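Comments concern the structure below.
Atoms within a ligand are numbered from 1 in the order they appear, just like the ligands themselves. Predicted, not measured: the structure shown is a model, and the values here were computed from it.
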Amino acid sequence: MLALVKVEAGPGLRLQDVPRPEIGINDVLIRVHKTGICGTDLHIESWDGWAAKTIVPPLVVGHEFVGDIVDVGSNVNDFSPGDLVSGEGHVTCGRCRHCMAGQRHLCANTVGLGVGRAGAFAEYVALPMTNIWHHWDGIDEEVAAIFDPFGNAVHTALAFEVHGEDVLVSGAGPIGLMAIPIVRHAGARHVVVSEPIKFRRELAMRMGATIAIDPRERDLKDVQHELGMVEGFDVALEMSGNAIALRSAISNMAHGGRIAVLGIPTGEITLDVNKIVFDQLTLRGIYGREMYESWYQMAVLVSSGIDIKPVITHRFDFREFEAAFAAARSGDSGKVIMDWGTA
Ligand code: NAD
Ligand code: ZN
């Protein structure tokens, strides 16, 4: 089968013929229809410091996908060939305290699809049956292809109650963009987006933001004044990984404010802990999706009409992967989809 492979330590990916993955008795084999490009894939492609210490080549990359099941192991009863599925990209151990308690997102032994095991940028991908999400009828395949990052957005956006609250979203990358309609649906009042890239601010407005500002040009205090907000943001979703953005969120919260932190900084960040203490703020780190509460919430949100599709701005055939990666890297994009030509 054809797959996008990190062949050796260093920049680049190669489209290669590799053996189709073998499945064990508890696994399913999926024919990949569509995939989404994630920031993680860009890190692996460019071979930055994180990739160099994390990835062991050769490796088939990618983890955001939708496809149909073509084969199941002898122990698998709940899935059948033809089922339209996506995969939870975090393969957990199943045996630790948290896995045993049904809190698999807290597993400390997680192995990432396309990071620690052969991934989904391929004509076929194999996963344990415990990692499979069977899509509900009527799902749009492009939306299904990005359930993984949509799940990050759901997990973060619904980490705290937002009904009637004023919400700050810092960073309107694909995940921040998807968080906007989610908090809208959940009843937020104002949704203020902070994002330096103009293309993404415009997309944020299309996806339901009250206002989208360039943090280099406009202060959040000024926006609060314009909107008639008195005490600061009730909830912030930090989705940029940028130190200035996190500090700015902390200094613009109402007392008792809650900050869900999804963005991954490149290094340590210095924070004003006095502000956190005296304003009685809660900071909560978010990693991955809750298995499978986030997945259930996504399915419910989609079937009750929220539209995340505007986040998809570019579509490529998998053979044009270089152009697809360039589009994802450019910043003038939302989510970039690669089609594997099998749907
Ligand atoms: P992205 O890199 O496309 O989006 C980040 C956005 O933040 C960009 O549009 C960038 O212009 C913007 N930004 C930069 N500086 C800013 C500032 N000072 N203020 C406001 N915005 C600023 O990434 P994404 O795919 O949307 O993911 C969002 C973040 O979440 C990334 O940091 C990513 O690494 C992280 N992530 C975390 C998890 C997790 O499980 N915790 C999973 C996936 C992604
Ligand atoms: Zn575990």
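- The one candidate from D140, I146, V336 that meets the side-chain contact (heavy atoms from CB on, under 4.5 Å) condition with I312 is I146.
- Nearest protein heavy-atom neighbour of atom 22 (C) of ligand 1: P196 CD, 3.4 Å.
- Residues F79 and W133 place their aromatic rings such that the two centres sit no closer than 6.0 Å.
- Ion pairing between R315 and D339 fails under the 4.0 Å rule for side-chain N and carboxylate O.
- Both the backbone and the side chain of I264 come within 4.0 Å of ligand 1, judged by heavy-atom distances.
- A donor-acceptor contact closer than 3.5 angstrom links the side chains of E238 and S240.
- Ring centers of F318 and F321: at least 6.0 Å apart, outside the cut-off.
- Residue contact check: I197 has heavy atoms under 4.0 Å from atoms 11 (O) of ligand 1.
- The nearest heavy-atom contact from the protein to atom 40 (O) of ligand 1 is G288 N, 2.7 Å.
- The distance from the Zn ion (ligand 2) to the nearest N/O/S atom of C107 is under 2.8 Å.
- For atom 27 (O) of ligand 1, the nearest protein heavy atom (residue, atom name, distance) is I175 CD1, 3.6 Å.
- Proximity of L262 to ligand 1, defined as any heavy-atom pair under 4.0 Å, is shared by backbone and side chain alike.
- For S194, the heavy-atom gap to ligand 1 drops under 4.0 angstrom.
- Salt bridge status for R206 with E202: absent, with no side-chain N to carboxylate O gap under 4.0 Å.
- The heavy atom nearest to atom 23 (O) of ligand 1, out of those in A260, P174, G241, is found in P174.
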Would F150 and V311 count as a side-chain contact (heavy atoms from CB on, under 4.5 Å) if you check the C-alpha gap in whole Å, the side-chain angles of each, and the deciding distance to 0.1 Å? CA-CA 10 Å; F150 182 26; V311 79; over 6 Å; no
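- Atom 4 (O) of ligand 1 is approached by the protein to below 4.0 angstrom, counting heavy atoms only.
- Given atom 2 (O) of ligand 1, the protein heavy atom at minimum distance is R200 NH1, 4.7 Å.
- For atom 11 (O) of ligand 1, the nearest protein heavy atom (residue, atom name, distance) is E195 OE2, 2.7 Å.
- For atom 18 (N) of ligand 1, the nearest non-hydrogen atom of the protein is N242 OD1, 3.2 Å.
- Nearest non-hydrogen protein atom to atom 29 (C) of ligand 1 is M239 O, 3.5 Å.
- Residue P215 has no N or O atom closer than 3.5 Å to an N or O atom of ligand 1.
- Of the protein's non-hydrogen atoms, the one nearest atom 41 (N) of ligand 1 is I286 O, 2.8 Å.
- Listed by atom number, the atoms of ligand 1 under 4.0 Å from G171 heavy atoms are 6 (C), 7 (O), 12 (C), 20 (C), 21 (N).
- Listed by number with element, the atoms of ligand 1 under 4.0 angstrom from any heavy atom of N152 are 40 (O), 42 (C), 43 (C).
- Within a 6.0 Å sphere centred on CD of E231, other residues, nucleotides and ligands contribute 12 heavy atoms or fewer.
- To the nearest 0.5 Å, the span separating CG on D222 from CD on E217 amounts to 12.0 Å.
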